There are 2 protein chains.
Amino acid sequence: MSASRIAGSFENEEFLLFRLANAARRVSTLCAGVYENEFGLSVPEWRLLAQIGRFGTISATEVRERTSMERVAISRAAARCLASGLIVERTSRLDKRSKVLSFTAKGRALYRSVVPRSEALASEIEAGLSRTEVRQLKKLLGKLDDHARDMAARAIA
Amino acid sequence: MSASRIAGSFENEEFLLFRLANAARRVSTLCAGVYENEFGLSVPEWRLLAQIGRFGTISATEVRERTSMERVAISRAAARCLASGLIVERTSRLDKRSKVLSFTAKGRALYRSVVPRSEALASEIEAGLSRTEVRQLKKLLGKLDDHARDMAARAIA
DNA sequence: GAAAATTTGTTTCAGATGAAACTTTATCGC
DNA sequence: GCGATAAAGTTTCATCTGAAACAAATTTTC
């Protein structure tokens, strides 16, 4: 069949995009279920809380720099965490556009309970791979992300 | 600060989920722009066409088995490709529930023009990594996906 | 020091997405 | 063969998502 002759190398190796999309969707759905069912958190909410947990007090921009989350996602995650009383925000004195986020007692307590579960979940997910493979995979994903970011930046410029 | 002491190993290594989500989002957005701007195709539509290109005539279920796409995504991609005259569908004689999909002349021509662009795009994206790293990454993503699928299946059962 | 441009964060809108209900056809158990 | 169960695809609905417009504050430029 002519169609398949045309395909060339495309035929045997599936495009990285597709594998990446599949793996990300699968892992994300799995984790989202756990965070939602056990803690009532969405993945972006947990991502935000994890940053506050690490850095104590942090602005949305700092979260973005550290996680590559989108502005909108951070804003929405923060709004929901505020509404559920997990965090408080205060306008920064240095820059009144900026609001710094920090835990309430309730938020800190929740964070403390999520961390071990999150680690256990990561272990479960990574259990299909060896330690070396996990390290390798993270490294390669980081490299790919960096390269793709460069490409996107160049495309815009 | 007590919050950071709690974090433990979580502190240094970013959770695989997050890296995966970042890389997938970045690559997907990049590719979606190319397919959309240059061919008027969404990623799921291109994924579907790629399967028809490889296998000639194929049912939605076979597409799902081969790509891990969701039923709904396939159904919608097929509806749009039908509407834009890229494919036709015929009820299978063997199973009247099933519809087999195949190219129109227009669809085949488009497919032929997308394949080389898709390969070039893949090369560009993979250019940040060595050949070995690309192979490794694909392998690890496949393994991770398989393991996560098993976990999800076990969670339901 | 005021106008222009930039940055921070929010909101809006339109399209994407996924779970669940649904329709139709096929298969299983008896 | 007939009722129950399952499978193929579609549709609905409620939510998620991202791009772009937006408001407010800051920085830059002249």
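A note on names: the letters A, B, ... follow the listed sequences, proteins ahead of strands, and every chain is numbered from 1. In what follows, every heavy atom counts, from backbone to side chain, and hydrogens, waters and symmetry copies are set aside. Only a predicted model underlies this, so the values are computations on that prediction, with no experimental measurement involved.
Following rounding to the nearest Å, B/R93 (CZ) and C/dT25 (C1') show an atom-to-atom distance of 17 Å. Look at CZ on B/R26: it is 12 Å from P on D/dG18, rounded to the nearest Å. To the nearest angstrom, C1' of D/dC16 lies 13 Å from CD of A/E36. At whole-Å resolution of the value, CE in B/M69 and P in D/dA8 are 16 Å apart.
For the side chain to side chain donor-acceptor pair (under 3.5 Å) test, residues two or more places apart in sequence or in another chain that qualify with A/S59 are A/E62. Remark: B/E133 pairs with A/K143 by the side chain to side chain donor-acceptor pair (under 3.5 Å) rule, at least two apart or across chains. With sequence neighbours excluded, no residue forms a side chain to side chain donor-acceptor pair (under 3.5 Å) with A/S28. Applying the side chain to side chain donor-acceptor pair (under 3.5 Å) criterion to A/R90, with sequence neighbours excluded, gives no partner residue.
Here the closest heavy-atom approach between residue B/K106 and residue B/S84 is recorded as NZ-O, 2.9 Å.
Summary for the helix from C/dG1-D/dC30 to C/dC30-D/dG1: the axes at its two ends, each from 5 pairs, differ by 30° when rounded to the nearest 10 degrees.
Between the side chains of B/E126 and B/S123, no donor N or O sits under 3.5 Å from an acceptor N or O.
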Base-contact (B) and sugar-phosphate-only (S) positions in nucleotides 8-19 of chain C, heavy-atom cut-off under 4.0 Å, - elsewhere: BBSBB---SBB-
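B/E38 CD to B/S113 OG: the interatomic distance, rounded to the nearest 0.5 Å, is 10.0 Å.
Using cut-offs of 30° and 60° for the angle between ring planes, the A/F39 and A/Y35 rings count as tilted.
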